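In listed order, ligands and their atoms are each counted from 1. Being a predicted model, the structure only gives us computed values, none of them experimental. Values below: all heavy atoms of this structure, side chains included; hydrogens, waters and symmetry mates excluded.
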Amino acid sequence: MKYSDFGLVNTNKMFTNAIAGHYAVPAFNFYNMETLTAILTATRKMHSPVILSASESAIKYMGADMLLGLITGACIAPNEQIALHLDHGHSLDACIHAIDLGFSSVMIDASHLPFDENVKLSCTVAKYAHRHNVSVEAELGTLSGIEDENTKSNYSSYTNPADVVEFVKRTGVDSLAIAIGTSHGAYKRKSDDESLRFDILKQIAKQLPDFPLVLHGASSIPQQYVETINKNGGRLRGARGIDTTQLKRAAKTNICKINVDSDLRLAFTAGVRETLKTNPSDFNPRDYLGAAIKNMTDVCIDEISHIMGSKNKI
Ligand code: G3H
Ligand code: 13P
Ligand code: ZN
């Protein structure tokens with residue numbers, strides 16, 4: 001299936017517009033009807049372009065046919081500027097599978113490999129993807145969280161600005177995920193003093209003017225949902241995200257894609273926990289999943305308005 005048959009677009013024009021307009025396109029992860037509904041309700045209300053991200057494990061969870069059924073059911077029109085993106089593809093096969101399914105964008109995450117091997121794999125993916133007019137994101141540097149689970153390391157290594165031009169030239173990728181202090185999951189910072197490395201971002205942007213950069217691990221971990229979860233039987237002690245002012249600042253630079261998954265997971269879980277705790281006799285999933293959709297929609301709207309700057313950018 002071709003992605004244009006679903007009304008999807010690749011990320012090329014989105015990113016050109018985002019760099020020129022000094023905003024970032026949100027990339028929200030989805031893995032079921034509830035997450036997809038919330039993301040699309042919010043982005044349609046805000047007239048924002050959006051990247052629908054599905055990881056390999058999310059594709060496995062939904063099943064490829066169900067995923068495509070959801071995308072078909074979303075009745076997407078090309079002028080909505082919606083991309084379907086493989087998040088953290090770990091192999092050429094995973095990227096080919098996604099492209100063959102109808103994804104319009106893929107990430108090849110070979111950042112844990114030595115530089116030359118990262119180049120080789122990213123370049124192979126880019127060649128295949130470009131034959132199908134699919135855009136490609138690669139990564140240099142390692143974020144802590146899920147990526148260091150792969151490498152068994154427990155540190156995050158920032159992207160070296162001296163490497164980026166050679167990497168982009170040799171791979172031919174369309175965007176580059178960089179490590180400047182973000183990390184995946186709900187435990188990103190131990191204190192308020194920890195800041196993103198805007199100095200590194202500035203050096204990278206100087207090397208690669210007008211080239212689209214991507215920020216992973218960019219959830220802000222809204223404390224209202226952490227508190228709701230903790231008040232209603234959960235235990236998330238010390239969960240803390242990236243400062244929203246810093247994310248907003250990043251969105252105005254060449255960072256033109258900002259990835260958010262954990263914030264939606266928290267909003268979802270808070271809605272379910274609160275509804276069930278408040279109504280112990282309720283066993284109608286549409287009640288607690290409805291609350292989850294409402295919370296996730298609110299998060300997307302809030303982040304589009306206050307972080308991404310992508311409202312009314314279609
Ligand atoms: O950055 C990764 C995303 O949060 C996806 O996580 O593989 O559990 O779907 P997942
Ligand atoms: P968070 O865990 O900060 O939401 O990051 C999501 C992400 O980077 C998806 O690729
Ligand atoms: Zn990520």
Side-chain angles (χ1 to χ4, degrees), residues 11 24-32 34-36 38-39 50-64 66-67 70 83-91 94-95 97-98 103 105-112 136-151 156 159 175-189 194 196 212-223 225-226 236 239-244 246-247 250-251 255-270 295-296 299-300 302-304 307-308:
T11 57
V25 179
F28 294 119
N29 287 73
F30 76 103
Y31 32 85
N32 57 15
E34 285 74 18
T35 41
L36 185 61
I39 296 164
V50 69
I51 295 164
L52 302 170
S53 287
S55 65
E56 287 181 57
S57 60
I59 297 172
K60 196 168 162 203
Y61 175 78
M62 285 180 271
M66 185 61 78
L67 184 157
L70 288 172
L84 178 62
H85 173 78
L86 174 68
D87 192 26
H88 293 283
H90 286 111
S91 63
C95 293
H97 181 229
F103 280 56
S105 169
V106 293
M107 173 191 191
I108 175 67
D109 181 357
S111 56
H112 54 288
V136 178
E137 172 187 331
E139 179 170 304
L140 256 185
T142 310
L143 277 71
S144 52
I146 60 155
E147 290 175 16
D148 58 26
E149 278 165 28
N150 294 329
T151 55
S156 99
T159 304
S175 65
L176 182 67
I178 57 168
I180 56 164
T182 57
S183 63
H184 291 97
Y187 299 89
K188 299 186 191 296
R189 290 186 301 155
E194 285 175 44
L196 296 185
L213 302 175
V214 176
L215 206 55
H216 281 250
S219 277
S220 48
I221 313 297
Q223 291 301 301
Y225 295 120
V226 174
L236 290 174
R240 192 197 291 255
I242 309 294
D243 178 63
T244 51
Q246 295 194 14
L247 290 170
I255 299 280
C256 55
K257 170 173 177 272
I258 292 190
N259 287 16
V260 171
D261 185 1
S262 297
D263 288 349
L264 299 194
R265 293 184 187 201
L266 288 171
F268 192 129
T269 305
N295 282 357
M296 290 187 288
V299 166
C300 294
D302 186 62
E303 297 191 352
I304 286 166
I307 293 175
M308 314 287 171

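Of all heavy-atom pairs spanning I221 and A186, the tightest one is CD1-CA, 3.6 Å. Of all non-hydrogen atoms in S111 and D109, the two that sit nearest each other are OG-OD1, 2.8 Å. Listed here is the closest heavy atom pair of L247 and L215: CD2-CD2, 4.1 Å.
Short contacts between ligand 2 and H88, defined as distances under 4.0 Å to a heavy atom of the residue, involve ligand atoms 10 (O). Those atoms of ligand 2 with a heavy atom of H216 less than 4.0 angstrom away are 8 (O), 10 (O). Taking every heavy atom of N29 and a limit of under 4.0 angstrom, the matching atoms of ligand 1 come to 3 (C), 5 (C). Against a heavy-atom cut-off of under 4.0 Å, V260 is close to the following atoms of ligand 2: 4 (O). Under a 4.0 Å criterion applied to the non-hydrogen atoms of D261, ligand 1 contributes the atoms 3 (C), 4 (O), 5 (C), 6 (O). Near H88, meaning under 4.0 Å from any of its heavy atoms, are these atoms of ligand 1: 1 (O), 2 (C). Atom numbering of ligand 1 starts at 1 in the shown order; those under 4.0 Å from a heavy atom of S57 are 7 (O), 8 (O), 9 (O), 10 (P). For ligand 2, the atoms closer than 4.0 angstrom to any heavy atom of S219 are 1 (P), 3 (O), 4 (O).
When heavy-atom distances to ligand 2 are checked against a 4.0 Å cut-off, D261 comes that close through both its backbone and its side chain. Heavy atoms of N29 found under 4.0 angstrom from ligand 2 belong exclusively to the side chain. With a 4.0 Å heavy-atom cut-off, ligand 1 is reached by the side chain of D87 but not by its N, CA, C or O. Of all the heavy atoms of A218, the ones lying under 4.0 Å from any atom of ligand 2 belong exclusively to the backbone. When non-hydrogen atoms are compared, ligand 1 lies under 4.0 Å from neither the backbone nor the side chain of H216.
At least one heavy atom of R265 sits closer than 4.0 Å to an atom of ligand 1. Distances shorter than 4.0 angstrom occur between a heavy atom of K188 and an atom of ligand 2.
Within H184, the N, O or S atom at minimum distance from the Zn ion (ligand 3) carries the name NE2. Looking at H216 and the Zn ion (ligand 3) together, the shortest N, O or S contact belongs to ND1.
The shortest contact between atom 10 (O) of ligand 2 and any protein heavy atom is with D87 OD2, 2.7 Å. With hydrogens left out, the protein atom closest to atom 8 (O) of ligand 2 is G217 N, 2.8 Å, a heavy atom.
Between the N259 side chain and the A27 main chain, no donor and acceptor come within less than 3.5 Å of each other.
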